[in-house]
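So that we are looking at the same thing, I have put the structure below in structure tokens.
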Amino acid sequence: GAVVSQHPSRVICKSGTSVKIECRSLDFQATTMFWYRQFPKQSLMLMATSNEGSKATYEQGVEKDKFLINHASLTLSTLTVTSAHPEDSSFYICSARDQNRDYHGYTFGSGTRLTVV
Amino acid sequence: DAKTTQPNSMESNEEEPVHLPCNHSTISGTDYIHWYRQLPSQGPEYVIHGLTSNVNNRMASLAIAEDRKSSTLILHRATLRDAAVYYCILRRGSSNTGKLIFGQGTTLQVKP
């Protein structure tokens, strides 16, 4: 149980365009999901906390107008990278926790490799 | 959030036990100790967690010091598939959806 699906796994886009990444909890409901980005050979950096039915909470230094987060249902959160530039190329990962299980572990998606050309 | 300190890298031989240390001297009473691992080009995977007592599961064991200022993840018999970056993270237990803040982790190399 506790599966998180992330789509797409890889995407290449042109500079200036927008890209949407989906994160779905397949067998549980998640009122909260988390978005991370990871550059090569670095650790995961938390970008924002996605809250179902309300605004996301962004970490310091993360531009909320550039990284739009929508959490419209209990099983889906989306991250849209707007006006993407080559420096946005990174590995984006989402995670969620099944609060109804007596289990503290978080489940992560398999990640989305974004390349902006 | 309380910080953790881990060695940058460790090496192990296949089929031998591995002890991955983590220091967390500023841990608070409600912080749970979590371990995750990340294989190349994948999202992190939950390994184990604990609060005060040692814990065992099918993947690993977690040994927690009596003062809780350090812990050790134990892989009983390392395999080549255990080569990954291992992250030790503290999560505030009072928060039902507390965020996980990743440090640099330990890159484990397993030699055949």
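Just so it is clear, the structure is predicted and the values come from calculations on it, not from any experiment. Numbers restart at 1 for each chain; the letters A, B, ... are given by sequence-line order, proteins then strands.
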Could you tell me how the ring of A/Phe34 sits relative to the ring of A/Tyr36: parallel (under 30°), tilted (30 to 60°) or perpendicular (over 60°)?
->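 Aromatic pair A/Phe34/A/Tyr36 classed tilted.
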Please walk me through it: do B/Glu11 and B/Lys111 pass salt bridge (charged side-chain N to carboxylate O under 4.0 Å, His left out)?
-> CA-CA 7 Å; B/Glu11 278 187 4; B/Lys111 295 185 287 186; 3.0 Å; yes
For each of A/Ser43, A/Gly109, A/Ala96, A/Cys94, tally heavy-atom pairs with chain B at distances under 4.5 Å, and name the one with the top tally.
-> A/Ser43
Ring centroid separation A/Phe108 to B/Phe102 under 6.0 Å =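 Yes, they do, as the ring centres are separated by less than 6.0 Å.
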Under-4.0 Å salt bridge between A/Lys66 and A/Asp88 |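 A salt bridge links A/Lys66 with A/Asp88.
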Ring pair (Phe, Tyr, Trp, His ring centres under 6.0 Å): pairs with one or both residues in residues 54-74 of chain A, sequence neighbours excluded =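 Not a single pair qualifies under ring pair (Phe, Tyr, Trp, His ring centres under 6.0 Å).
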Do NZ/NE/NH1/NH2 and the carboxylate oxygens of A/Glu22 and A/Arg24 come within less than 4.0 Å?
-> yes
Which of residues 110-117 of chain A get closer than 4.5 angstrom to chain B, counting heavy atoms alone?
->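 Only A/Ser110, A/Arg113 of residues 110-117 of chain A have a heavy atom under 4.5 Å from chain B.
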Heavy-atom distance under 4.5 Å to chain B: side chain of A/Leu46, backbone, both or neither?
->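 A/Leu46 touches chain B through side-chain heavy atoms alone.
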Under a 4.5 Å heavy-atom cut-off, does chain A meet the side chain of B/Ser41, its backbone, both or neither?
->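 For B/Ser41, backbone and side chain are both near chain A.
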Residue pair B/Ser70 / B/Pro21, side-chain heavy-atom distance below 4.5 Å = no
Identify whether B/Ile48 and B/Ile74 are in the same connected component of the hydrophobic contact network (ILVMFWY, side-chain heavy atoms under 4.5 Å).
-> no
A/Gln38 portion near chain B, given a 4.5 angstrom heavy-atom threshold |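 Side chain only.
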